[in-house]
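In what follows, a structure is listed as structure tokens, so that the remarks can point back to it.
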2 protein chains.
Amino acid sequence: MSNPVYIKIAEEIKNKINRAELKPGDAIASEAALCKEFGTSRMTVRKSLAILANEGYIYSIPGKGNFVRKPQHNKYILYYDEMNNAINSVDKTKLLEVNIIMPDEKLADELQITRNKNVIMIRRLFYTDGDPVAYDVKYLIYRKGMPIVEKEIEHATFTEMISGSTSLFAIKKELTIYARTPDEDIKRYLNIYNELALMVVEQKLYNSEDKPMGLGITYFRGDYIKLQGISQ
Amino acid sequence: MSNPVYIKIAEEIKNKINRAELKPGDAIASEAALCKEFGTSRMTVRKSLAILANEGYIYSIPGKGNFVRKPQHNKYILYYDEMNNAINSVDKTKLLEVNIIMPDEKLADELQITRNKNVIMIRRLFYTDGDPVAYDVKYLIYRKGMPIVEKEIEHATFTEMISGSTSLFAIKKELTIYARTPDEDIKRYLNIYNELALMVVEQKLYNSEDKPMGLGITYFRGDYIKLQGISQ
DNA sequence: TAGTGGTCTAGACCACCGT
DNA sequence: CGGTGGTCTAGACCACTAC
């Protein structure tokens, strides 16, 4: 164990919190006190505290001190990619339609545009081992420089579609996840003959000015998708 | 704008990345070079770089330099609480059963215990405006000091149930989310008379030694739950 | 006024990488 | 070897809080 000092200090405080010697709301020793206790400089102590703050253990109030935070017991990390999930990955896609459409009221509202703006609609089917597992619709607000080449669109995830025209770092995305029963169209597309639930995932993309760039809705066969989240 | 220097440096580099002047894999200017460029000390520059690293923009290789990271375009933050979601919150609960059981093979396997260990099973219904919206089953490995008081159990979320006996900071949780059609039991519990999909959320709790502490399965009516995730 | 955290400096030594 | 990032020091000044 030749861990840096600031790691050791952070671990020590973390243990105190985990053993409940320090409870949420409690003040932890002042930076000066920690310097003395560990015989180190203030910058080192502050580095430890920065780690704890980053991991959600503590927060600081200038002029007062550092305090133990109430744990965020409902925050999870979720990895979502329409082509890959915990139990399945898409190995083939089929382009059903690419079209320029005028949005209906609901879509115009979602994309925060007027109804006379052009929107690219892309409808696809995703396959695994020859079976259709998901029906996918994407709506993209048309802008110049956008590649509407079928080759590029057919196999791309939502983010990949717009990666040509925008830096991926500048994008914000929102997911909405819910369960539905399929309508007749989707039953036909996904070869559903008996009762089966769908997992629906809506993806909404925003540019760096928080304006919507596109909306994607993917209807997965319930038996072909599991999403997984991990706390913190 | 009287932002600290380290914020300005971070923003400047961030902008270069967002404008694609710096692309994934590119090396950014060395710390010494940045010190000169911004007329500041190395610790200040390093603070800026620490922020960028934390936000996923860059990574560093000791002895080589700092490099622009490929954006994690599939990572989302999800807030999940079995009692509250984007479109609904539970206002009443009903305790169906609390029992000590011996786990079957599947459960014993999930909880990584032998089949002769005691497990607390809690079955509940969640209500909104008088209607049942979710059926909830929790399995907790029994340990001393665990409050099996019905009052405490009836209205608690999974994390709240174990918060008495363990520090919440020490807990890791995993979510598994999928869609299913209801079986006859659940149809009866949730007053489902026609086709309706269920959203199923499994919660698995681990202690600080990564040993399972409990498993919870919540079956939501599809029309009463939406989960939402935000990128980064 | 004394104590707290927030920012910043100008050094230092180290381990690691490339030539 | 020189250049890189990783760690660490011993100061400094500031704004804020509490008394």
Side-chain angles (χ1 to χ4, degrees), chain A residues 1-17 21-72 169, chain B residues 1-17 21-72 169:
Chain A
M1 284 275 280
S2 61
N3 272 341
V5 183
Y6 69 87
I7 298 281
K8 285 181 187 166
I9 301 176
E11 298 286 359
E12 196 128 327
I13 299 172
K14 224 183 271 189
N15 287 338
K16 278 188 185 170
I17 295 174
E21 290 171 36
L22 289 168
K23 295 183 202 71
D26 285 2
I28 69 177
S30 78
E31 296 179 358
L34 290 169
C35 290
K36 269 191 186 171
E37 181 183 343
F38 292 97
T40 183
S41 79
R42 196 169 153 226
M43 284 307 252
T44 303
V45 164
R46 280 182 62 74
K47 184 147 189 172
S48 309
L49 298 180
I51 291 172
L52 295 175
N54 235 302
E55 294 181 0
Y57 281 85
I58 65 170
Y59 62 96
S60 70
I61 302 179
K64 292 190 74 176
N66 288 283
F67 301 87
V68 178
R69 192 191 291 277
K70 276 198 283 287
Q72 275 272 30
F169 281 106
Chain B
M1 284 277 279
S2 61
N3 272 341
V5 183
Y6 69 88
I7 298 280
K8 286 181 187 165
I9 301 176
E11 297 285 0
E12 196 129 327
I13 300 173
K14 225 183 270 191
N15 287 337
K16 277 189 187 171
I17 295 174
E21 289 171 37
L22 288 168
K23 295 183 201 72
D26 286 0
I28 70 178
S30 77
E31 297 180 358
L34 290 170
C35 290
K36 270 191 186 171
E37 182 183 342
F38 292 97
T40 184
S41 78
R42 194 166 155 229
M43 283 307 252
T44 303
V45 164
R46 280 183 64 74
K47 185 149 189 171
S48 308
L49 298 180
I51 291 173
L52 295 174
N54 236 302
E55 294 182 0
Y57 282 86
I58 65 170
Y59 62 96
S60 70
I61 302 179
K64 292 190 74 175
N66 288 284
F67 301 87
V68 178
R69 192 191 291 278
K70 278 198 280 288
Q72 275 273 28
F169 281 108

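Protein chains get the first letters and strands the later ones, always in sequence-line order, with residue 1 at the start of each.
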side-chain hydrogen bond (donor to acceptor under 3.5 Å, both in side chains) involving K47(B) - partner list, sequence neighbours excluded: none
side-chain hydrogen bond (donor to acceptor under 3.5 Å, both in side chains) partners of Q72(A), counting only residues at least two apart: none
Outermost nucleotides of DNA chain D that come under 4.0 Å of a non-hydrogen atom of chain B: dG3(D) to dT9(D)
Summary of salt bridge (charged side-chain N to carboxylate O under 4.0 Å, His left out) pairs that have at least one residue in residues 29-40 of chain B, sequence neighbours excluded: E31(B)-R42(B), E31(B)-R46(B)
4.5 Å side-chain heavy-atom contact, P71(B) and P24(B): yes
Candidate pair T40(A) and L34(A), rule side-chain contact (heavy atoms from CB on, under 4.5 Å), full reasoning: CA-CA 8 Å; T40(A) 183; L34(A) 290 169; over 6 Å; no
Test side-chain contact (heavy atoms from CB on, under 4.5 Å) applied to I58(A) and I17(A), step by step: CA-CA 10 Å; I58(A) 65 170; I17(A) 295 174; 4.2 Å; yes
At a cut-off of 3.5 Å, list every protein nitrogen or oxygen paired with a nitrogen or oxygen from nucleotides 15-19 of chain C, distance to 0.1 Å.
{"unit_1": "dG18(C)", "atom_1": "OP1", "unit_2": "K64(B)", "atom_2": "NZ", "d": "3.4"}

Axis deviation across the helix from dT1(C)-dA18(D) to dG18(C)-dC1(D), five-pair ends, to the nearest 10°: 0°
Set of side chain to side chain contact (heavy atoms under 4.5 Å, CB included) partners for Y59(B), sequence neighbours left out: I61(B), F67(B), R69(B)
Pairs meeting criterion ring-ring contact (aromatic ring centres under 6.0 Å, His included) with involvement of residues 26-57 of chain A, two or more places apart: Y57(A)-F169(B)
Spacing between N66(A) atom CG and dG3(C) atom P, to the nearest angstrom: 18 Å
All salt bridge (charged side-chain N to carboxylate O under 4.0 Å, His left out) counterparts of K14(A), not counting sequence neighbours: E55(A)
Minimum heavy-atom distance S60(A)-N66(A), with the two atoms named: CB-OD1, 3.0 Å
Under the side chain to side chain contact (heavy atoms under 4.5 Å, CB included) test, residues paired with P4(B) that sit two or more places apart: Y6(B), I7(B)
Which residues share a side chain to side chain contact (heavy atoms under 4.5 Å, CB included) with A33(A), sequence neighbours left out: A29(A), S30(A)
Any residue of residues 24-32 of chain B with a heavy atom less than 4.0 Å from an atom of DNA chain D: S30(B), E31(B)
side-chain contact (heavy atoms from CB on, under 4.5 Å) between I28(A) and L49(A), worked out: CA-CA 10 Å; I28(A) 69 177; L49(A) 298 180; 3.7 Å; yes
Between C1' of dC14(C) and OH of Y6(A), the distance in whole Å: 14 Å
